[in-house]
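The basis for the numbers below is simple: all heavy atoms, side chains too, and nothing from hydrogens, waters or symmetry mates. The structure presented is a predicted model; accordingly, all values stated were derived computationally and were not measured. A note on names: the letters A, B, ... follow the listed sequences, proteins ahead of strands, and every chain is numbered from 1.
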There are 2 protein chains.
Amino acid sequence: MRIGELAKAAGVSVRSLRYYEEQRLLTSTRSPSGQRHFRDADIDRVGFIQRLYAAGLSSRTITELLPCVDAPSETTSDAAMERMEQERERLSAHIEELVRTRDALDVLMATNRAHRKTLRRATAA
Amino acid sequence: MRIGELAKAAGVSVRSLRYYEEQRLLTSTRSPSGQRHFRDADIDRVGFIQRLYAAGLSSRTITELLPCVDAPSETTSDAAMERMEQERERLSAHIEELVRTRDALDVLMATNRAHRKTLRRATAA
DNA sequence: CTTGCCTCTGACATTGATGTCAGGTTTTAG
DNA sequence: CTAAAACCTGACATCAATGTCAGAGGCAAG
């Protein structure tokens, strides 16, 4: 599978895939002429990477976690496990904060809706 | 209240406060010598701004929403209401995605924990 | 063979909030 | 009064993922 095909399948840009490889998040074999060749499994892998990016993890952190995806059968380093715990906690905190922000937004919207209603009534009168 | 005091009270840098003002998220009166002077209410305002930033809103978007906080008694423009709905939806989607990512992380951790246990047993034997 | 599309490397640009530095003025404490 | 600390403006730096461009080579179809 060449890079363009993977890009389309995973819904990311070719540029991003090259970047992921550069960051050692992705590996490719090279054809004699130097073109990258990816495996089917890389589609899911890219999806997972994107998900982690969206969750605010950095390339560096993802690099630390991916070995656990690749080879869960080998000894997962204590450092990696700790990193995962850490990121999970960070994620939970972030989620909670977002929920609180959404609530704040809801209050704001309710307040403004109420005022608009008041205004409409006044205008009608 | 001078800028340093507000910075400390709100837990942000002086630099950020100047930036917020530049972005019209914050207003200050100036002393004769040109120093900024803020109101107590700005502590909460900065907190809210930070919360929205953390939720991924841009300065531009926040600028559109803040009038609704300042003057909910005036006519809240349809555009602003729509913007709020929009951001709320975006926020919800993001939260959901984060939760899914956290779940994925949980699965990953469980898998690795299981393998570690297996390994320990093998080592012990 | 040629045309068109894909790929390669390498480099520079972008975005947005913030850090940092410089050089100068103001305020505050001793 | 003086020195330290806080403030001012303006400018440049940063980080990270991605866009974009340039110049060159690869590969399939007509």
What is the separation between atom CZ on B:Arg2 and atom C1' on C:dT28, rounded to the nearest whole Å? 8 Å
Across all chains, not counting sequence neighbours, the salt bridge (Lys or Arg N to Asp or Glu O under 4.0 Å) partners of A:Arg2 are none
Whole angstrom is fine here: how far is it from CD1 in A:Ile3 over to C1' in C:dC5? 15 Å
Measure the distance from CD on B:Glu5 to C1' on D:dA5 and round it to the nearest whole Å. 15 Å
Pairs touching residues 15-28 of chain B that satisfy salt bridge (charged side-chain N to carboxylate O under 4.0 Å, His left out), sequence neighbours left out: B:Glu21-B:Arg30, B:Glu21-B:Arg36
Got a sec, which residues hit side chain to side chain contact (heavy atoms under 4.5 Å, CB included) with B:Asp103, two or more places apart in sequence or on another chain? B:Val99, B:Asp106
More than 12 heavy atoms of other residues, nucleotides or ligands under 6.0 Å from CD of B:Gln86: is that the case? yes
Pairs touching residues 3-14 of chain A that satisfy side-chain hydrogen bond (donor to acceptor under 3.5 Å, both in side chains), sequence neighbours left out: A:Ser13-A:Ser16
Could you pull out all donor-acceptor pairs under 3.5 Å where a side-chain atom in residues 61-68 of chain B meets a protein atom, sequence neighbours excluded?
from	atom 1	to	atom 2	distance (Å)
B:Thr61	OG1	B:Ser58	OG	3.1
B:Thr63	OG1	B:Ser59	O	2.7
B:Glu64	OE1	B:Arg83	NE	3.3
B:Glu64	OE2	B:Arg60	NH1	3.2
B:Glu64	OE2	B:Arg83	NH2	3.0

Under-4.0 Å side-chain N/O to phosphate OP1/OP2 contact, B:Arg30 with D:dT9: yes
Name all residues meeting the side chain to side chain contact (heavy atoms under 4.5 Å, CB included) criterion together with A:Glu85; count only those two or more places apart in sequence or in a different chain, and write none if there are none. B:Met109, B:Arg113
Contact residues, residues 35-61 of chain B to DNA chain D [heavy atom, < 4.0 Å]: B:Gln35, B:Arg36
Which of residues 6-21 of chain B sit near DNA chain C, with a heavy atom under 4.0 Å from it? B:Ser13, B:Arg15, B:Ser16, B:Tyr19, B:Tyr20
What integer distance in Å separates B:Glu22:CD from D:dT9:C1'? 11 Å
All salt bridge (Lys or Arg N to Asp or Glu O under 4.0 Å) counterparts of B:Arg51, not counting sequence neighbours: none
Would one find a side-chain N or O of B:Ser33 under 4.0 angstrom from OP1 or OP2 of C:dT27? yes
